[in-house]
*Asks:* 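Provided herewith is a single structure, encoded as structure tokens, for subsequent inquiry.
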Amino acid sequence: MKDNDYTKLDSHFVDLIKKTLMKRIPPSTSSQHLEDLINILMESLSKGEIYTALNNSPPPIELKASGWPFKHLQALKDSGWLEGEDSPIKLEGSLLSWRRWDEEMQSIILNIKDKSSHRPTHINNNNKEFNRRKQVTLNESQVQAVEAILNQNVILLSGGPGTGKTSTIVEMLLKVLSINQGLKIGLGAPTGKAARRLEETIQKSIIHLDDEYKDKLLSIPCTTLHRWLQATEGVFRKNEATPIQLDILVVDEMSMVDLSLMQGLLKALPKESQLILVGDPDQLPPVGNGAVWHKLHEETTLKILSNCAFRLNKVYRNRGDLAELANKLRGKELKEFFDEVLNLKNSSSIKVMVSTKKEIPKEIINRLKLYQVKLRTKATSFETSSEAITTYKENHKLANDLLNCIEELMVLCPRRYGPWSVEHIHRTVLDKSLDNGVMGWPAGTPVICGQNQPELNLANGDIGIVVGEKESKYLLFRLQSTKNKRDYNVIHPIRVKNLSPAFATTVHKAQGSEAKHVIFLWPEPINQKPSSNSNPLYNKEYERKLIYTAITRAKSNLDLAITLDK
């Protein structure tokens, strides 16, 4: 199994599925070929994907049986596992999937199609559009998306970083608010940090507005999708019986939304509510099963939803070389991409470090050590007495300085364990204290929350920092909503159920966030073509999305560390 943050499928669970299928529908052909196919499907699920291409491309795992893919396909056809509406596996064209997950995905597509066939009932085109403020300049694709808000009940807005997705959202909302100021609008994202980033980006985009409309946009609630759905122990309290009372819901970072979450949203939103889905289909698939956003952007699906799908391609944000590097990944083999990386001209924003060893480049370690000293100096100055925590006035400036500081640098790895991994970084930076738990980690250590704890206003993936020393040690987190008077929270470590150091994180954990400076370590030798499908990182499309997601987390600077085979 791949060592990443995706759904971990225990080997006993996989064996149970094999035994159940063999018992329920005993195959008449080689069981080894069928076992390979089960393992392939389960491996795909472990990466958030429910479809696997049964073609000449290298499979994502090491196979037990020979003759890929023709003998595997023949064994599947002879097995009886494809026959009937209750069959466990579905093969459509070359795409293989578990029937259950495919049916759920198709149900979502049909629900979105049905929803898109209705016109918005809360917008009356006969109403006069009030003069709001000086119009901003939009390109043709943005204008089309903005105009669609008056007629389309569903809008799919896609684009990479800096293509103007947020400014388009703002213009959409201003368009409808200028016609109907009483609309109930909500903003949401899959994680707390993604929701807060959406809120902050919108705030920066409305500085030029008149106070009346600025106040209206600032008053729109923005939180996680789990909070909108009132998720409790895996159950959504918001559903058909108790719907979310909104006229419009905007969902950002759609690439992180899985089948379960999307189903919950569609059930909880009234049919007449508008749904604006926003994201980048080139990013990694979600943690859970079913890459909904990627499926919605497949050619066959886009044909069904062509009237409400808008792609933004023009890059506005001043990322220059970073945007160009991300674009190099599109439609190219990884070897060709890395060849171009090695030939990059000197750039102020991109630095390529090449190593022939499995050791982390010294330049990165030195950078992290300096960063650690900077954070510790600030963190030990944070007052953690009961009075200071309660009143927070003395700490207010320092708290924001600290929280801003941990968002300046992001170190990303494709693995949690092994060479150039998250664990490798932390073992190098924290040394023996890594094994002592949070109470043994020094002040200034960034931490990441691994579980939703709404009672603490914490969401899975939230980044904080250790402050104070010894018995006065606490954790400092930024509150999810920037509308609060107090925009940070001080929590005792014992109250947080799942905590890890965060000098480095996996690429997937970084989705929905950005940093001024990103360091990305790629441990696979770029000049060695995988000779075996046992390579845990080898999957062309997955690798491309992994690298693309890492690169696009950088706002200003990117250090890319790569290794060459000796």
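We number each residue from 1, following the sequence as shown. Side-chain atoms are counted along with the backbone in the values below, which use heavy atoms only and exclude waters and symmetry mates.
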*Asks:* Go through the side-chain N and O atoms of His517 and Asp559 and say whether any donor and acceptor fall under 3.5 Å apart.
*Replies:*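 Side chains of His517 and Asp559: pair found under 3.5 Å.
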
*Asks:* Can you tell me how far the CE atom of Met256 sits from the CG atom of Leu261, to the nearest 0.5 Å?
*Replies:* 10.0 Å

*Asks:* Determine the sole option in Ile551, Leu412, Ile547 for which the side-chain contact (heavy atoms from CB on, under 4.5 Å) test with Val507 is passed.
*Replies:*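 One option only clears the test, and that one is Leu412.
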
*Asks:* Going by side-chain contact (heavy atoms from CB on, under 4.5 Å), Leu344 matches just one of Leu325, Leu560, Asp321. Which one?
*Replies:*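 Among Leu325, Leu560, Asp321, the one meeting side-chain contact (heavy atoms from CB on, under 4.5 Å) with Leu344 is Leu325.
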
*Asks:* Quick one: do the Arg99 and Ser87 side chains pair a donor with an acceptor below 3.5 Å?
*Replies:*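 There is such a pair between these side chains.
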
*Asks:* Any chance you could measure Ile465, atom CD1, to Thr445, atom OG1, to the nearest 0.5 Å?
*Replies:* 7.5 Å

*Asks:* Ser44 and Thr52: side-chain donor and acceptor closer than 3.5 Å?
*Replies:*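 Per modelled atom types, Ser44 and Thr52 side chains form a pair under 3.5 Å.
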
*Asks:* Is it the case that the side chains of Glu253 and Gln511 hold a donor-acceptor pair, with the cut-off being a distance below 3.5 Å and no angle test?
*Replies:* no

*Asks:* Set out, in order, the CA-CA distance, both residues' side-chain angles and the distance that settles side-chain hydrogen bond (donor to acceptor under 3.5 Å, both in side chains) for Arg478 and Asn404, then state yes or no.
*Replies:* CA-CA 9 Å; Arg478 196 188 298 276; Asn404 289 335; 3.0 Å; yes

*Asks:* With a 6.0 Å cut-off (strictly less than), is the heavy-atom count around NZ of Lys90, excluding the residue itself, greater than 12?
*Replies:* yes

*Asks:* Does Lys71 NZ have over 12 foreign heavy atoms under 6.0 Å away?
*Replies:*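 Check fails, neighbour count at 12 or below.
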
*Asks:* Is it the case that the ring center of Trp68 lies less than 6.0 angstrom away from the ring center of His72?
*Replies:* yes

*Asks:* Compute both the distance and the angle, then confirm whether Lys295 meets the cation-pi test with Tyr51: under 6.0 Å from the six-membered ring centre, within 45 degrees of the axis.
*Replies:*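 The answer is yes; both the distance and angle limits are met.
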
*Asks:* Looking at Glu340, I want to see if its CD is surrounded by more than 12 non-hydrogen atoms of other residues, nucleotides or ligands under 6.0 Å.
*Replies:*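 Yes, enclosed.
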
